[in-house]
Amino acid sequence: MSDDVIWHCIRHNHCSFMAKITTGIFCRNPYNATGICNRSSCPLANSRYATIRDHDGIFYLYMKTAERAHQPNRLWERVKLPRNYEKAMEVINKHLEFWPKLLVHKIKQRLTKMTQYRIRMRKLQLKVREKIITVPRKKTQRELRRSEKAEKAAQLDKSIESELKERLRKGVYGDIYNYPFNQFDTILQMEKDDLAPEIEEEDEGEREYVEGDDIEMGDMDDMEDFEGLVGEDVDADEDDGFDEPVTKKPKGSYFNLRSKIGRKSTKVITEVDQDEDRNSRQMTQK
């Protein structure tokens, strides 16, 4: 079938690759070199055609000839193009040396355009960009509701716990024992901390040593005079026999006396009064 018949059928009847829009008529066939639906650019209506395709960043030159039209599995010949732009141009000039100049020019334009967008893609990959992710509205609302319910439940649990602790501290429930011991221990510790400054520990059984330098020497003289008076009274009582016998206290050593100096009891005062009475009685008898 000739190329003109194929083009007439495609143009006037139906083509699955044709896309008609307000700006023009375009072709979606991947082998189209320009993307425009016309006679010179259609890969189906031209038995001798060439184009460039990209496979994972690698460019390939595709060529179709009329000699392989009866072999659809071998219809397109593929040649890998180097990454260098100038070397790729040399490969195109070598394989398309005797092809139509218009088609060769279109292929070179396509190679230039594809090289530019490949460089731009590499720059964009190196550049850090924000990634926009769509979040479903129902899912976000459901998570917000769950978080609000969890916060309310946590506040309720805390208020119940604080109220129970306060009641346990006040002793509202009495002598119950089926409550957590850790919380009870903490309450007891709190009570101990509150009562600690009020309770004063009494020191029992501790010994203290006090110096006796602050005692006046006059007190010691009075004590010596008092011992002399006691001795005279004892002699007088033995002679008369009127009064009650008084036992004579042996004179103690200096250390015993020093130990008793600090204690002035009422007993000493009463004994002195008794001695004065005895002296007054002796004077009346004489």
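Between atom NZ of residue K123 and atom CG of residue L126 there is a gap of 10.0 Å, rounded to the nearest 0.5 Å. Residue E151 holds its CD atom at 7.0 Å from CD of E148, rounded to the nearest 0.5 Å. Separating the CD atom in E161 from the CG atom in L156 is a distance of 11.5 Å, to the nearest 0.5 Å. Note that OG1 of T51 is 4.0 Å distant from CZ of R110, once rounded to the nearest 0.5 Å. Rounded to the nearest 0.5 Å, atoms NZ (K80) and CD1 (I58) are 4.5 Å apart. Atom OG in S2 sits 11.0 Å away from atom NE2 in H8 (nearest 0.5 Å).
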(request) Decide side chain to side chain contact (heavy atoms under 4.5 Å, CB included) for F17 and L44; before the verdict, give the C-alpha distance in whole Å, the side-chain angles of both, and the deciding distance to 0.1 Å. (result) CA-CA 10 Å; F17 298 106; L44 301 177; 4.2 Å; yes
(message) As a quick check of understanding, evaluate side chain to side chain contact (heavy atoms under 4.5 Å, CB included) for R68 and W76, giving each step before the final call.
(response) CA-CA 8 Å; R68 295 190 300 272; W76 294 92; over 6 Å; no
(message) Under the criterion side chain to side chain contact (heavy atoms under 4.5 Å, CB included), I'd like the reasoning laid out for R145 against R142: C-alpha separation, chi angles, the key distance, then a yes or no.
(response) CA-CA 5 Å; R145 287 195 298 269; R142 183 167 61 251; 4.0 Å; yes
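With sequence neighbours excluded, the residues satisfying side chain to side chain contact (heavy atoms under 4.5 Å, CB included) with I21 are T23, F26. Contacts of H55 classified as ring pair (Phe, Tyr, Trp, His ring centres under 6.0 Å), with partners at least two apart in sequence or in another chain: Y60. In this structure, the side-chain hydrogen bond (donor to acceptor under 3.5 Å, both in side chains) partners of E166, at least two apart in sequence or on a different chain, are R169. W7 pairs by the ring pair (Phe, Tyr, Trp, His ring centres under 6.0 Å) definition with nothing, not counting sequence neighbours. Applying the side-chain hydrogen bond (donor to acceptor under 3.5 Å, both in side chains) test to S41 and every residue at least two apart in sequence or in another chain returns T34, N38, K106. Partners of V91 under the side chain to side chain contact (heavy atoms under 4.5 Å, CB included) rule, at least two apart in sequence or in another chain, are V79, L81, P82, H95. Evaluation of the side-chain hydrogen bond (donor to acceptor under 3.5 Å, both in side chains) rule for R83 yields no partner, not counting sequence neighbours. I133 is linked by a side chain to side chain contact (heavy atoms under 4.5 Å, CB included) to K131, counting only residues two or more places apart in sequence or in another chain. By the side-chain hydrogen bond (donor to acceptor under 3.5 Å, both in side chains) test, H14 is found to be paired with no residue, residues two or more places apart in sequence or in another chain being considered. Not a single salt bridge (charged side-chain N to carboxylate O under 4.0 Å, His left out) links R28 to another residue, sequence neighbours left out.
Closest of all the heavy-atom pairs between A33 and A50 is CB-O, 4.3 Å. For the pair C27 and N32, the tightest heavy-atom approach, listed with the atom from each and the gap, is CB-ND2, 3.2 Å. The nearest pair of heavy atoms linking E97 to K101 is O-NZ, 4.3 Å. The two atoms that bring C15 and I10 nearest to each other are CB-CG2, 3.4 Å, heavy atoms only.
Between L111 and Y85, some side-chain heavy-atom pair lies under the 4.5 Å cut-off. Using a 4.5 Å heavy-atom cutoff, the side chains of R48 and W99 are in contact. Between E143 and K139 there is a side-chain heavy-atom pair separated by less than 4.5 Å. By the 4.5 Å heavy-atom criterion applied to side chains, L96 and M63 are counted as neighbours. Annotation: side chain of H70 is not in contact with side chain of L75 (no heavy-atom distance under 4.5 Å). Two residues are said to be in side-chain contact when any heavy atoms from C-beta on lie closer than 4.5 Å; R11 and C37 meet this criterion. Looking only at side-chain heavy atoms (C-beta outward), I107 and L61 come within less than 4.5 Å of each other.
Using modelled atom types, one side-chain atom of D3 and one backbone atom of S47 make a donor-acceptor pair closer than 3.5 Å. Checked by atom type and distance alone, the side chain of K127 never pairs as donor or acceptor with a backbone atom of R122 at under 3.5 Å. Using modelled atom types, no side-chain atom of R78 and backbone atom of Y62 make a donor-acceptor pair closer than 3.5 Å.
Side-chain atoms of N93 and K108 form a donor-acceptor pair, as typed in the model, at a separation below 3.5 Å. Using modelled atom types, one finds no donor on one side chain facing an acceptor on the other under 3.5 Å when comparing Y49 with T65.
Within 6.0 Å of atom NE2 in H12, more than 12 heavy atoms from other residues, nucleotides or ligands are found, so the atom counts as buried in its surroundings. Counting non-hydrogen atoms of other residues, nucleotides and ligands closer than 6.0 Å to CD of Q141 gives a total above 12. More than 12 heavy atoms of other residues, nucleotides or ligands sit less than 6.0 Å from atom CG of N73.
For the pair D4 and R39, the salt-bridge criterion is met [side-chain N within less than 4.0 Å of a carboxylate O].
For residues 113-135, there are no ring-ring contact (aromatic ring centres under 6.0 Å, His included) pairs, not counting sequence neighbours.
Cluster annotation: I52 and M121 are assigned to the same hydrophobic cluster (Ile/Leu/Val/Met/Phe/Trp/Tyr, side-chain heavy-atom contacts under 4.5 Å, transitive).
When hydrophobic residues (I, L, V, M, F, W, Y) are linked wherever their side-chain heavy atoms come within less than 4.5 Å, the members clustered with M18 are I25.
For the pair R53 and F59, the cation-pi test (distance below 6.0 Å, angle within 45°) is failed.
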